[in-house]
Asks: 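Here it is: the structure, laid out below.
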There are 2 protein chains.
Amino acid sequence: MEVLPSHIQLNVNQRIFLKNPESSDLGKKIISGSIDMIDEMGFESFTFRKLGQHIQSTEASIYRYFENKHRLLLYLINWYWNWIDFRLIYLIANIEDPTEKLRRAITLLTQSNEVDNNFQHVNEIKLHRIVIAESSKTYLTKEVEEENKEGLFKSFKQLVERVSGFISDVNPEFKYPHMLVSTVIEGAHHQRFFAAHLPMLTDQLHGEDSINNFYQDLVFKALKSKDDE
Amino acid sequence: MEVLPSHIQLNVNQRIFLKNPESSDLGKKIISGSIDMIDEMGFESFTFRKLGQHIQSTEASIYRYFENKHRLLLYLINWYWNWIDFRLIYLIANIEDPTEKLRRAITLLTQSNEVDNNFQHVNEIKLHRIVIAESSKTYLTKEVEEENKEGLFKSFKQLVERVSGFISDVNPEFKYPHMLVSTVIEGAHHQRFFAAHLPMLTDQLHGEDSINNFYQDLVFKALKSKDDE
DNA sequence: CATTATTGATAGTATTACTATTATATTTGC
DNA sequence: GCAAATATAATAGTAATACTATCAATAATG
């Protein structure tokens, strides 16, 4: 995919941050530094104190941007989904056939390692690994319902909604479009993680992108109505 | 399902704990107390200090059983998968038809709320909710590979292996049995969580167990070979 | 140039995640 | 029935985490 025009900015829900990290140098360093560190040490070991040292700033300064590290992670994940949604729109522009739209969406959502488009201060390869390993932790909490009311999962929901629409275009009879989409997205992430760290929980065949093949097949078979058989 | 004979004990890999919690009253209180508390407050807020207060013991005493709360969670999750595996064996005993075996397995793995069989000191309903909300956190860590070498994910792997076997019996040509099984198990958990807390990410139809129906359908369509169509 | 906003430096608090020590039960072996 | 071993409780202590508060220095803006 081509580089995003530099005048476009991906806007994340204002309520995630205290002060927009896009609005200052320090803010951008917080984003790029946290991506480096979370990817390297994992979200549990990551702290604002360590981030402060890494970007030559202080804990207190970072707290002026984000209430806590959970909100920072939410910011990164929302940014990622906005970015994917943007790319999806681009990918299906001018395509009429709903099946082809859906096929492309699945490829985007299950892809292995995206190239780093060097989009500003965000390293996409690292961010993608973070999404795989850490994104479930944003919602698997006791605060999920309140945070949902605050709109902190909006980007993901919007993407799921869009792809669910393609599914309904392909087969309007299919009863579970959202379930299918969220199964594919989260499933593909887990399978990527398994492939890297717990390979006996998945199947990697030589010379193919098994995860993409598996989910393409799964979705289109699921959408076949009985009459087609 | 009938109550498990009381002489049967589900044994969890020895390396998870420092001292077997099944071996003493305190140990059993640690298990039942932690299930209550993790279900109620979530794993992040749960601490050994709080657990000590809850079961009228001390932090230091609990540390003699488990190195840390992560290991305790691993214990609970492994116990759960051993229990499910045991029930699966029971469910398919004397059944010949591989399709029926698989159908039953999927029902077991995607079921909503199991009845509490009052198995000793373990509240299964609460444990099931814990598995749904917390089990991914056992492996989404930087230590996953070392812990895997220690055998800390053995129970889950064993279950996935068993059900993958049923899949291969139904369709020996199918290339991704492990991927399909782990997608179904983890997917069903996430869908249960979504249904409870983020309903726009799933589809719940009135008067049916949509999650079970969805995954039954998904699996059997995925396993249909082209010749059957 | 004065005001305001932003950052850095420093310090402080409550809680967490442990480890260590000692006294007191409790169990078990003989 | 008693000594020895073991398990638990009570207490204390440490380093790190997750913040909050204060104030001075610097930069941006009107």
Side-chain angles (χ1 to χ4, degrees), chain A residues 14-34 37-38 40-76 121 134 137-138 141-143 146-147 152, chain B residues 14-34 37-38 40-76 121 134 137-138 141-143 146-147 152:
Chain A
Q14 304 267 111
R15 301 175 78 165
I16 291 183
F17 47 75
L18 300 170
K19 183 170 150 68
N20 194 337
E22 290 293 331
S23 72
S24 73
D25 263 17
L26 178 60
K28 286 169 192 164
K29 273 195 223 162
I30 290 172
I31 299 311
S32 63
S34 64
M37 293 189 84
I38 296 173
E40 200 188 306
M41 60 176 56
F43 187 64
E44 281 70 34
S45 304
F46 168 77
T47 70
F48 278 5
R49 177 175 293 258
K50 289 175 190 166
L51 176 58
Q53 282 156 6
H54 188 246
I55 63 175
Q56 326 244 72
S57 179
T58 62
E59 213 179 351
S61 301
I62 299 163
Y63 273 106
R64 288 194 196 97
Y65 285 81
F66 293 99
E67 226 176 299
N68 51 49
K69 68 174 184 171
H70 181 248
R71 293 266 162 155
L72 170 51
L73 181 61
L74 272 166
Y75 180 90
L76 298 179
H121 45 286
E134 319 287 359
K137 297 171 191 169
T138 59
T141 70
K142 285 288 168 186
E143 297 78 34
E146 295 155 48
E147 290 184 349
L152 307 193
Chain B
Q14 306 267 111
R15 300 175 78 168
I16 291 183
F17 48 75
L18 300 170
K19 183 169 150 68
N20 193 338
E22 290 293 332
S23 72
S24 73
D25 262 16
L26 179 60
K28 286 169 191 164
K29 273 196 223 163
I30 290 172
I31 299 311
S32 63
S34 64
M37 293 188 84
I38 296 172
E40 200 188 305
M41 62 175 56
F43 187 65
E44 281 70 34
S45 304
F46 168 77
T47 70
F48 278 5
R49 176 175 294 257
K50 290 174 190 167
L51 176 58
Q53 282 156 6
H54 188 246
I55 62 174
Q56 327 243 74
S57 179
T58 62
E59 214 180 349
S61 300
I62 299 163
Y63 273 105
R64 286 195 202 93
Y65 285 81
F66 292 100
E67 226 176 299
N68 51 49
K69 68 174 184 171
H70 181 248
R71 294 265 162 157
L72 170 50
L73 181 61
L74 272 166
Y75 180 90
L76 298 180
H121 45 286
E134 319 288 359
K137 297 171 191 169
T138 58
T141 70
K142 285 288 169 184
E143 297 77 35
E146 294 154 49
E147 291 184 349
L152 308 193

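We name chains A, B, ... by the order of the sequence lines, and we start the count at 1 in each one. If you're wondering where the values come from, they're calculated on a predicted model, not measured in any experiment.
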Asks: What is the distance from CD of B/Glu44 to C1' of C/dA17, rounded to the nearest Å?
Replies: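 Those two atoms, CD and C1', are 15 Å apart.
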Asks: What pairs of residues pass the salt bridge (Lys or Arg N to Asp or Glu O under 4.0 Å) test when at least one of them lies in residues 42-61 of chain B, not counting sequence neighbours?
Replies: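 Pairs touching residues 42-61 of chain B that pass the test: B/Glu44-B/Lys137, B/Arg49-B/Glu59.
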Asks: Dump the intermediate steps for side chain to side chain contact (heavy atoms under 4.5 Å, CB included) on A/His70 and A/Thr141, then the final yes or no.
Replies: CA-CA 10 Å; A/His70 181 248; A/Thr141 70; 4.2 Å; yes
Asks: Among pairs that include at least one residue of residues 67-76 of chain A, which meet salt bridge (Lys or Arg N to Asp or Glu O under 4.0 Å), considering only residues two or more places apart or in two chains?
Replies: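 Those involving residues 67-76 of chain A are A/Arg71-A/Glu150.
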Asks: Check side-chain hydrogen bond (donor to acceptor under 3.5 Å, both in side chains) between B/Glu40 and all other residues, then give those that pass, not counting sequence neighbours.
Replies: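 Here no residue qualifies.
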Asks: Separation of B/Ile62 atom CD1 from C/dT16 atom C1', in whole Å?
Replies: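 It works out to 14 Å between those atoms.
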Asks: Taking it one step at a time, do A/Leu74 and A/Phe66 satisfy side chain to side chain contact (heavy atoms under 4.5 Å, CB included)?
Replies: CA-CA 10 Å; A/Leu74 272 166; A/Phe66 293 99; over 6 Å; no
Asks: How close do A/Leu73 and A/Glu134 get, heavy atom to heavy atom, and via which atoms?
Replies: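 The pair with the smallest heavy-atom distance is CD2-O, 3.9 Å.
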Asks: State which residues pass side-chain hydrogen bond (donor to acceptor under 3.5 Å, both in side chains) with A/Ser61; sequence neighbours excluded, sorted by chain then number.
Replies: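 A/Thr58.
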Asks: Determine: side-chain N/O of A/Ser57 to OP1/OP2 of C/dT7, distance under 4.0 Å, yes or no.
Replies: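 A/Ser57 to C/dT7 OP1/OP2: no side-chain N or O under 4.0 Å.
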Asks: Tabulate atom names and distances for all N/O pairs under 3.5 angstrom spanning the protein and nucleotides 18-21 of chain C.
Replies:
residue	atom	partner	partner atom	Å
C/dC18	O5'	B/Tyr63	OH	3.0
C/dC18	N4	B/Glu59	OE1	3.0
C/dC18	N4	B/Glu59	OE2	3.4

Asks: Can you list everything that forms a ring pair (Phe, Tyr, Trp, His ring centres under 6.0 Å) with A/Phe43? Sequence neighbours excluded, please.
Replies: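 A/Phe43 satisfies ring pair (Phe, Tyr, Trp, His ring centres under 6.0 Å) with no other residue.
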Asks: Residues of residues 16-29 of chain B with any non-hydrogen atom less than 4.0 angstrom from an atom of DNA chain D: list those, numerically ordered, please.
Replies: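 The stretch gives B/Lys19, B/Ser24, B/Leu26 as the residues lying under 4.0 Å from the strand, ordered by number.
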Asks: Rounding to a whole Å, what distance do you find between A/Leu51:CG and C/dT7:C1'?
Replies: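 Value for this atom pair: 15 Å.
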Asks: Nearest whole Å is fine: how far is C/dT16 P from B/Phe66 CZ?
Replies: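 My rounded result for the distance is 20 Å.
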Asks: Would you please name every residue forming a side-chain hydrogen bond (donor to acceptor under 3.5 Å, both in side chains) with B/Glu22, sequence neighbours left out?
Replies: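 Applying side-chain hydrogen bond (donor to acceptor under 3.5 Å, both in side chains) to B/Glu22 gives B/His121.
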Asks: With a 4.0 Å cut-off on heavy atoms, is B/Tyr65 in touch with a base, just the backbone sugar-phosphate, or nothing at all?
Replies: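 The residue B/Tyr65 makes sugar-phosphate contact but no base contact.
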Asks: Under 3.5 Å, sequence neighbours excluded: what are the donor-acceptor pairs made by side chains of residues 23-30 of chain A?
Replies:
residue	atom	partner	partner atom	Å
A/Ser23	OG	A/Asn20	O	2.6
A/Ser24	OG	A/Gly27	N	2.9
A/Ser24	OG	A/Tyr65	OH	2.5

Asks: Identify the 5'-most and 3'-most nucleotides of DNA chain D with at least one atom closer than 4.0 Å to a non-hydrogen atom of chain B.
Replies: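 Under 4.0 Å from chain B, the extent on DNA chain D is D/dA7 to D/dT11.
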Asks: Base, sugar-phosphate alone, or nothing: which one does B/Thr47 contact when heavy atoms must sit under 4.0 Å apart?
Replies: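 Since only primed, P, OP1 and OP2 atoms lie under 4.0 Å of B/Thr47, the category is sugar-phosphate.
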Asks: Excluding sequence neighbours, so at least two apart, what forms ring pair (Phe, Tyr, Trp, His ring centres under 6.0 Å) with A/Phe46?
Replies: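 Testing A/Phe46 for ring pair (Phe, Tyr, Trp, His ring centres under 6.0 Å), a comparison that skips the adjacent residues, returns none.
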